[in-house]
Trainee: 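Take a look at this one; I'll ask things after.
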Amino acid sequence: MLALKQIKALNIEMSSSCNGKCPFCSRDQKIRRYGNFRILLEDFKKLPETLVRQLKWISFAGNFGDLSSNPDMVKIAAYIKGLNRDVVLGGDTNGSMQSADWWASLGKFFRDGTMEFAVDGLADTHAVHRRGTDYNKIVRNIKAFAGAGGVAHWKFIVFRHNEHQIAEAEKEAERIGCKRFFVIPSRDYGGELQKPEKIEFQIKRDIFKTYDEKLSDSDTRATCKPISNGSLYLAADGTVHPCCFAHCMYITEHNSLFDFLPPLAAMYYDQINFKTTPLSDILKGPYFSEILSLSKTNSYCRMKCNPFRKTVKKELVLIDKRF
Ligand SMILES: C[S@@+](CC[C@H](N)C(=O)[O-])C[C@H]1O[C@@H](n2cnc3c(N)ncnc32)[C@H](O)[C@@H]1O
């Protein structure tokens with residue numbers, strides 16, 4: 001059974017809304033209704049203070065939204081750092097909503113963490129993939145965030161239409177105050193979003209498959225995240241899951257190998273919401289115990305959460321520069 005004191009990390013979807021319309025986003029694969037949800041400060045305060053004080057890191061990433069569409073984001077970061085100044089905050093964002101002042105206020109809480117800004121090209125190419133977002137606003141916001149001491153990383157997803165701009169984008173990243181510039185492949189290619197011609201790589205799904213085939217019989221158990229990392233995923237609607245894949249699978253049913261998950265989530269969805277049920281009860285309840293047991297031998301869980309997980313992540317990074 002999972003206990004609150006084992007939890008050292010949270011991955012939180014602060015909002016399920018986003019101004020971006022990125023073509024390969026999971027938002028477009030929903031088969032269940034998942035509207036506009038936010039975790040507001042009053043919701044966040046329902047998490048036990050003892051939990052917030054014991055956390056080592058919090059990542060404000062999420063499957064479906066963008067943290068900057070949460071009106072309480074800065075207040076929540078301040079509340080967390082007020083309780084636990086050593087917790088490391090991280091996040092990823094398209095960076096094109098909110099004002100420069102808003103980003104400067106947030107940057108103060110990310111001096112020892114990182115914010116990954118998704119910038120897939122320069123002014124003339126960025127929005128080919130990051131549809132609905134504005135390159136110039138992102139650059140302005142990165143400068144404000146970094147100027148306030150926040151550690152900003154520039155994440156560049158490479159396509160045929162932007163591969164010629166990598167060197168220039170790297171210089172721009174350093175100029176505007178980023179501490180890292182890195183290039184990764186898209187999870188998919190197609191239509192006007194074609195594969196680059198000059199860079200050789202495998203897409204994430206194929207790297208995972210290659211490593212999965214290498215797993216020997218003795219390694220075939222998945223290392224489920226709440227157990228291996230002490231981490232949990234909080235979705236913007238308040239539901240709590242062992243990992244982001246679990247919630248994404250329930251909303252999108254994107255992979256038949258993970259088919260044990262949707263019936264469990266459907267059965268327990270009302271009982272796993274930290275906005276209405278104490279987190280310790282959720283962790284002790286049947287949703288978590290059943291997933292933790294079934295995940296051990298599930299092939300999707302093994303493919304995503306195995307001893308090679310960190311190696312796969314590293315292999316995905318095609319260019320990596322620190323400033
Ligand atoms: C819904 S987004 C959440 C954060 C934020 N809205 C953003 O765009 O960065 C989830 C993640 O998917 C990533 N993503 C979006 N399009 C992608 C693509 N084509 N290939 C790989 N990752 C992608 C984003 O960079 C982000 O890390």
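First listed ligand is number 1; within each ligand, the first listed atom is number 1. Note that the structure is a prediction, hence the values are computed from the model and not measured. Values reported hereafter were calculated over all heavy atoms of this structure, with side chains retained and with hydrogens, waters and symmetry mates removed.
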Trainee: Can you confirm if the NZ or CZ of Lys195 lies within 45° of the ring axis of Phe201 and under 6.0 Å from the centre of its six-membered ring?
Mentor: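 Judged by the rule, Lys195 and Phe201 form a cation-pi pair.
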Trainee: If you take the nearest heavy atom of each of Asp66, Ile203, Asp92, which one is closest to atom 26 (C) of ligand 1?
Mentor: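 The nearest heavy atom belongs to Asp92.
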Trainee: When you measure from the heavy atoms of Gly65 to every atom of ligand 1, does any distance fall below 4.0 Å?
Mentor: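 Checking ligand 1 against Gly65, which is what was asked, there is a heavy-atom contact under 4.0 Å.
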Trainee: Taking heavy atoms and a distance under 4.0 Å, where does Ile157 meet ligand 1: side chain, backbone, both or neither?
Mentor: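 Within the 4.0 Å criterion, Ile157 contacts ligand 1 through side-chain atoms alone.
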Trainee: Taking non-hydrogen atoms only, is Thr93 closer than 4.0 angstrom to ligand 1 via side chain, backbone, both or neither?
Mentor: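 Backbone only.
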Trainee: Write out the residue and atom name of the closest protein heavy atom to atom 13 (C) of ligand 1, then the distance separating them to 0.1 Å.
Mentor: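 The answer is Arg187 NH2, 3.7 Å.
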Trainee: Should Asp188 be listed as contacting ligand 1, given a heavy-atom distance under 4.0 Å as the test?
Mentor: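 The answer is no: ligand 1 sits nowhere under 4.0 Å from a heavy atom of Asp188.
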Trainee: Say whether Glu116 and ligand 1 are in contact under the criterion: heavy-atom distance to a ligand atom below 4.0 Å.
Mentor: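 False for this residue.
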Trainee: Measuring from atom 10 (C) of ligand 1, which candidate in Ser17, Cys22, Gly20, Gly62 has the nearest non-hydrogen atom?
Mentor: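 Comparing heavy atoms across Ser17, Cys22, Gly20, Gly62, the nearest one to atom 10 (C) of ligand 1 lies in Gly62.
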Trainee: Report the relative orientation of the aromatic rings in Phe44 and Tyr79; use parallel for angles under 30°, tilted for 30 to 60°, perpendicular for over 60°.
Mentor: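 It falls in the perpendicular class, over 60°.
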Trainee: Compare Lys155, Arg130, Lys204 and give the one whose heavy atom is closest to atom 15 (C) of ligand 1.
Mentor: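 The nearest heavy atom belongs to Arg130.
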Trainee: Return the minimal non-hydrogen interatomic distance between Ile251 and Tyr269, and the atom names on each side.
Mentor: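 Reported closest heavy-atom pair: CD1-OH, 4.4 Å.
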Trainee: Quick one: does His129 get within less than 4.0 Å of ligand 1, heavy atoms only?
Mentor: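 Distance cut 4.0 Å: His129 passes for ligand 1.
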